[in-house]
Amino acid sequence: MIPTAVEAPGVSPAQVQVGWGLGGIAIVLVAELIGTKLSSWLFLQPASRQPLAALMAAITTTPAYALAAVVALPVLEELVFRRVVFGNLAGVTGTFGAAVISGLLFGFATDPAHWLTATLVGIVYSYLYHATGSVNAPLIAHIGTIALTLGYAFTH
């Protein structure tokens, strides 16, 4: 594969990528909390569990859907929004511009009703990619966040 502008300076060692990915789970959860509070304050939008409820219902009726939700979707989203969009825009718009653009695209593509929260999460994933030079860190954070959220939802 041809390295993107993010990967060209070098890729962090695997243990660094894993560390950033695991730490990224906490950062993503904080970004989700901030996004939810901002949406509530700016747009008078109440926190909604509807997307999570729909996902849980789909998994309950078709358990194999859990694999798609926890692994396949994050892999596709990280390859598209981080490696392709952010990775290629970073050399053109700079890191910040690329993070905002890819974050907005991620936000509107994944959860249009809660685009602000999803945009902040997308920006965090871009930061993890930029910090490590590898899509593995945001992928670990993405999979971890979804798995943690679903695990919590199914046990409570």
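Because the structure is a prediction, the values reported are computed rather than measured.
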Task: Whether Thr93 side chain and Ala98 backbone form a donor-acceptor pair below 3.5 Å - done: yes
Open item on the list: More than 12 heavy atoms of other residues, nucleotides or ligands under 6.0 Å from CZ of Phe96: yes or no?
Closed with: no
Task: Spacing of OG1 belonging to Thr62 relative to CG belonging to Leu67, to within rounding of 0.5 Å - done: 13.0 Å
- [ ] Mind telling me whether Phe108 and Trp115 have parallel, tilted or perpendicular rings, with 30° and 60° as the class edges?
- [x] parallel
- [ ] State, yes or no, whether a side-chain contact exists between Ile101 and Phe86 at a heavy-atom distance under 4.5 Å.
- [x] no
Open item on the list: Which heavy atom of Gly133 sits nearest to which heavy atom of Val11, and what is that distance?
Closed with: O-CG2, 3.3 Å
Open item on the list: To the closest 0.5 Å, what do you measure between OG1 (Thr36) and CG (Leu116)?
Closed with: 9.0 Å
Open item on the list: So Leu120 and Glu32, do their side chains get closer than 4.5 Å, heavy atoms only?
Closed with: no
TODO: Please check if any side-chain donor atom of Tyr129 sits under 3.5 Å from a side-chain acceptor atom of Glu78, or the reverse.
DONE: no
Open item on the list: Would you say the rings of Trp20 and Tyr127 are close, in the sense that their centroids are separated by under 6.0 Å?
Closed with: yes
Open item on the list: Counting only heavy atoms from other residues, nucleotides and ligands, does the tally under 6.0 Å from CG of Leu42 exceed 12?
Closed with: yes
Task: Residue pair Asp111 / Thr117, side-chain heavy-atom distance below 4.5 Å - done: no
- [ ] Measure the CZ-CG distance between Phe81 and Leu105 for me, rounded to the nearest 0.5 Å.
- [x] 6.5 Å
Open item on the list: Quick check for you: to the nearest 0.5 Å, what is the distance between Ile25 atom CD1 and Ile146 atom CD1?
Closed with: 11.0 Å
Task: Residue pair Ala153 / Leu52: nearest heavy atoms and the distance that separates them - done: CB-CD2, 3.8 Å
Open item on the list: In the structure I gave you, are the side-chain heavy atoms of Leu104 and Ile123 within less than 4.5 Å of one another anywhere?
Closed with: no
Open item on the list: Contact between Leu150 and Leu55 at the side-chain level, heavy atoms closer than 4.5 Å - yes or no?
Closed with: yes
- [ ] Examine the side chains of Gln17 and Ser12 and answer whether a donor and an acceptor come within less than 3.5 Å of each other.
- [x] no
Open item on the list: Using side-chain heavy atoms (C-beta onward) and a distance below 4.5 Å, is Tyr125 in contact with Leu139?
Closed with: no
Task: Main-chain N/O of Ser134 paired with Thr132 side-chain donor or acceptor, under 3.5 Å - done: yes
Task: Spatial distance of atom CZ (Arg82) from atom CG (Asn88) [nearest 0.5 Å] - done: 13.5 Å
TODO: Compare every heavy atom of Ser102 with every heavy atom of Ser126, then report the nearest pair and how far apart it is.
DONE: OG-OG, 3.1 Å
Open item on the list: With a 3.5 Å distance limit and no angle check, can you tell me whether His156 reaches the backbone of Tyr152 through a side-chain donor-acceptor pair?
Closed with: yes
